[in-house]
Amino acid sequence: MYKQLLRPIFFSFDPEKIHHFTFSLVKFTSKIPGFKSIYRSLYVIENPKLERNVLGLTFKNPVGLAAGFDKNAVLYNELANFGFGFIEIGTVTPKAQEGNPKKRLFRLKDDRGIINRMGFNNEGLQAAIVQLKKNKGKLIIGGNIGKNTQTKPEDYTKDYLECFNALHPYVDYFVLNVSCPNVGSHAKLNDKDYLEELIGAVQKANGTFATQKSIVLKIAPDLNNAQLDEIIELVKDTNLDGVIASNTSMDRSGLKASPERLESIGNGGLSGQPVKDKSTAVIKYLSEKSNKAFPIIGVGGVHSAKDALEKIDAGADLVQIYTGFIYEGPSLVKQINKAILNRG
Ligand SMILES: Cc1cc2nc3c(=O)[nH]c(=O)nc-3n(C[C@H](O)[C@H](O)[C@H](O)COP(=O)(O)O)c2cc1C
């Protein structure tokens, strides 16, 4: 029904407007008696064989919603009825910020992709906490954290720490997002020495809490093998708990969209089917080269059960979707879980 009926309507509107409309629709319908059960009966599969023990947590199933969809943690309770095993909120920054000027979100329909330069638009840490206090506890929640765009390089760590300390009681694992291509001044966030310092500072803060939360790093799909070797070293040296591979890509080669269309869109990170193989290659490299030394959450271009199984076969312990959810609809989550069960 989604692809035949809803998607053509949704895709006839501005992508960002329809994103907000869909949020209101899901929020509204979830309050109507009976709808929650309808959503659950359509989309949720519960089977102990889908459970995964990763990052010190037991996930009901290995399919998650990637960061950026529920940036402000306003819909995760309702999205829990769509079959996900976990939902990553954020990227949350200490202060609220508007992000880049609109238009900043573009569909590449022929490529089944999206280009975005949202620029960490979010309502800030305190607003996210207000929402997270309403957690009905149905799912594992990841907290994806970043720095404000205006923050000076010498204060980056302070921003991450502020988010980490304040969100610690409310999320189950943390993601240090150091790979968004849309917020500028990222040279420092690609520097291994700085990342070591950042991870060390966050881990030290983690140690001050009664219970520690797993911390993972979200990386770009555009890293070469030498850079991936550095990531493996970094994870080993810092005892980091895992890696999310990957964020959106700066590479636009091989797209069906015309050069004129791409030119008119301008800057932004590419997601969806065009990044699938790149992100899978990164997962495979990290997994093989490290001898499966740490958990990997695989994300990038999962639009079918087959795509998700490819990520798992490449070494991903869990998978996430974002663009595939927009193009293929909510039944994608169930399709992936069914395929995992069918493989036994
Ligand atoms: C509109 C949009 C906004 C995003 N915002 C974030 C974000 O705030 N933080 C983050 O870590 N990733 C963000 N992402 C990246 C996704 O989480 C994911 O890593 C990437 O899109 C690749 O997966 P996909 O091909 O399934 O979309 C965003 C992606 C899109 C399309």
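Note that ligands are numbered from 1 as they come in the structure, with each ligand's atoms numbered from 1 the same way.
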Enumerate, one pair per line, all nitrogen or oxygen atoms of ligand 1 lying under 3.5 Å from a protein nitrogen or oxygen, stating the separation to 0.1 Å; write 'none' if no such pair exists.
unit_1: ligand 1; atom_1: 5 (N); unit_2: K71; atom_2: NZ; d: 3.3
unit_1: ligand 1; atom_1: 8 (O); unit_2: K71; atom_2: NZ; d: 2.9
unit_1: ligand 1; atom_1: 8 (O); unit_2: T91; atom_2: N; d: 3.2
unit_1: ligand 1; atom_1: 8 (O); unit_2: T91; atom_2: OG1; d: 3.3
unit_1: ligand 1; atom_1: 9 (N); unit_2: T91; atom_2: OG1; d: 2.7
unit_1: ligand 1; atom_1: 9 (N); unit_2: N177; atom_2: ND2; d: 3.4
unit_1: ligand 1; atom_1: 11 (O); unit_2: N144; atom_2: ND2; d: 3.0
unit_1: ligand 1; atom_1: 11 (O); unit_2: N177; atom_2: ND2; d: 3.1
unit_1: ligand 1; atom_1: 11 (O); unit_2: K218; atom_2: NZ; d: 3.0
unit_1: ligand 1; atom_1: 12 (N); unit_2: K218; atom_2: NZ; d: 3.1
unit_1: ligand 1; atom_1: 14 (N); unit_2: A67; atom_2: O; d: 3.4
unit_1: ligand 1; atom_1: 17 (O); unit_2: A67; atom_2: O; d: 2.7
unit_1: ligand 1; atom_1: 17 (O); unit_2: K218; atom_2: NZ; d: 2.9
unit_1: ligand 1; atom_1: 19 (O); unit_2: K218; atom_2: NZ; d: 3.0
unit_1: ligand 1; atom_1: 19 (O); unit_2: S246; atom_2: O; d: 2.9
unit_1: ligand 1; atom_1: 25 (O); unit_2: G272; atom_2: N; d: 2.8
unit_1: ligand 1; atom_1: 25 (O); unit_2: G301; atom_2: N; d: 2.7
unit_1: ligand 1; atom_1: 26 (O); unit_2: Y322; atom_2: N; d: 3.1
unit_1: ligand 1; atom_1: 26 (O); unit_2: T323; atom_2: N; d: 3.4
unit_1: ligand 1; atom_1: 27 (O); unit_2: T323; atom_2: N; d: 2.9
unit_1: ligand 1; atom_1: 27 (O); unit_2: T323; atom_2: OG1; d: 2.5

Any carboxylate oxygen within less than 4.0 angstrom of a Lys/Arg side-chain nitrogen, looking at R104 and E16?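 Counted as a salt bridge, because a side-chain N and a carboxylate O are separated by less than 4.0 Å.
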D277 side chain reached by E310 side chain, heavy atoms, under 4.5 Å: yes
Aromatic contact between [X] and [Y], with the criterion being ring centroids under 6.0 Å apart: yes or no?
X: F69; Y: F23; value: yes
X: F21; Y: F13; value: no
X: F325; Y: F84; value: yes

Side chain to side chain donor-acceptor pair (under 3.5 Å) test vs S179 passes for just one of D222, N247, T248, namely N247
